[in-house]
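Notes follow once the structure below has been shown.
Whatever order the structure lists them in is the order used to number ligands and atoms, beginning at 1. For the numbers below, each heavy atom of this structure counts, side chains included, while hydrogens, waters and symmetry mates do not.
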Amino acid sequence: MAFKPADKIQDLQYFGEFGGVNPSISDSSTYTFISAKTMFDTFEGNADGCYLYSRHSSPSNLYLGEALAAMEGTETANVSASGMGAITPVLMQLCNAGEHIVSSRTVYGGTYAFLKNFISKFNIKTTFVDITDLDVVEAAITKNTKVLYCEAVSNPLLEVADIKGLSALAKKHNLKLVVDNTFSPLSISPAKYGADIVIHSLTKFINGSSDTVGGVVCGTQEFINDLRNVNSGASMLLGATMDSLRAASVLKNMRTLHIRMKQHSFNAGFLADKFEADGLKTVYPGLVSHPSHLLFKSMMNAEYGFGGILTIDAGTLEKANELMELMQHENLGNLAVSLGFYKTLFSSPGSSTSSEIPAKEQKEMGLSDGLIRFSIGLDNDIERTYHRMKSCMVKVGVLS
Ligand code: PLP
């Protein structure tokens with residue numbers, strides 16, 4: 001039977017303390033005990049249903065984690081204060097000094113910087129590869145490699161990872177496959193194709209209202225227990241804990257994620273078709289011209305579409321900036337980083353979210369100066385939006 005992630009979320013039902021239709025928020029950083037022995041057992045993780053301290057766990061965070069694990073089809077999940085607060089402990093947990101990571105070269109700039117400049121301080125080296133070429137990926141694996149890292153759909157180039165193929169490589173070489181699924185929630189379920197660990201920046205589509213940062217690691221109970229271990233767990237000890245009030249608010253927003261993803265995908269697909277037909281260099285996994293269109297199609301939970309992100313090439317950075325400023329002036333969206341908002345957001349990744357990647361490497365991976373990344377909003381009449389965007393493009397000379 002098809003995996004139905006939104007149904008899994010819908011089937012989760014929680015009631016609040018007084019019969020509320022939403023679960024009560026645990027507005028406490030610490031918890032009291034009648035017995036000192038139970039307190040000790042809780043600290044050791046041996047007292048089910050008891051809470052000690054909200055960096056360790058809290059009811060609100062557990063509810064949200066449970067919903068995200070249900071969505072991704074993993075045993076459990078651990079929420080964190082940001083997407084980076086999910087990515088960094090996972091990699092530090094999986095690798096010791098002297099070990100090695102093979103990562104896609106097209107990943108979010110912060111992840112790239114962490115791998116290249118930060119975790120390398122602990123003698124954990126990373127080889128960046130073209131993740132779409134499984135031979136190249138395998139050739140980069142050494143006897144010290146512990147992790148294969150990629151984004152299901154990459155930021156910002158929208159490369160699509162062959163999760164099944166990567167998982168086979170991971171199994172063959174005894175590695176963990178870690179997949180950041182921030183760009184394709186519901187559309188792609190990486191665990192179904194063999195990802196060991198699935199990560200999201202909740203800041204984006206999942207929360208969807210651009211009012212908070214958050215992250216999650218979805219995986220096995222064993223791995224999440226490792227991350228939370230009070231003596232050796234990277235999430236526990238590095239301490240990027242999500243606040244309970246935020247967890248409760250993200251959980252409420254998750255209830256509409258399926259509707260939002262369908263509309264984001266519909267609108268992005270409509271614009272991508274039109275922009276391409278107008279002669280713009282357009283990248284969107286739903287376009288037949290996308291090199292991994294069929295791969296995405298073979299993995300996707302079809303009802304959620306190909307996602308809300310597309311890119312166009314405006315030719316030069318100057319033209320890209322002029323166009324974005326004009327579109328913002330016309331109230332077609334915001335010149336802003338991030339994604340998954342009700343309103344369209346656009347930015348020029350080379351000088352913003354991927355600026356951590358040196359210019360030479362940006363060129364090698366195909367990240368051009370004039371690239372504009374669009375996170376397409378929930379516009380009710382996308383045809384109207386298209387005509388208004390097109391007139392901006394004609395005005396600044398991106399289209400004639
Ligand atoms: N992963 C991807 C694909 C992202 O685009 C981002 C942020 O833009 C992150 C991770 C980091 O998430 P956060 O900003 O919530 O730490």
Exercise. Can a donor-acceptor pair be found between the side chains of Asn123 and Lys125 at a distance below 3.5 Å?
Worked result: yes
Exercise. Looking only at side chains, do Glu325 and Asn321 share a donor and an acceptor under 3.5 Å apart?
Worked result: no
For this session: State yes or no: are the ring centers of His200 and Phe205 separated by less than 6.0 Å?
Result: no
Exercise. Side chains of Thr203 and Ser201: is there a donor and an acceptor less than 3.5 Å apart?
Worked result: yes
For this session: Kindly compute the distance separating CZ (Phe266) from CD1 (Ile382), expressed to the nearest 0.5 Å.
Result: 8.5 Å
Please give the N or O to N or O pairs under 3.5 Å between ligand 1 and the protein, distances rounded to 0.1 Å.
from	atom 1	to	atom 2	distance (Å)
ligand 1	1 (N)	Asp180	OD2	2.6
ligand 1	5 (O)	Asn155	ND2	2.9
ligand 1	8 (O)	Lys204	NZ	2.6
ligand 1	12 (O)	Ser201	OG	3.1
ligand 1	15 (O)	Gly83	N	2.8
ligand 1	15 (O)	Ser201	OG	2.8
ligand 1	15 (O)	Thr203	OG1	2.6
ligand 1	16 (O)	Gly83	N	3.0
ligand 1	16 (O)	Met84	N	2.8

For this session: Indicate whether any N or O donor in one side chain lies under 3.5 Å from an N or O acceptor in the other, for Thr182 and Asn155.
Result: no
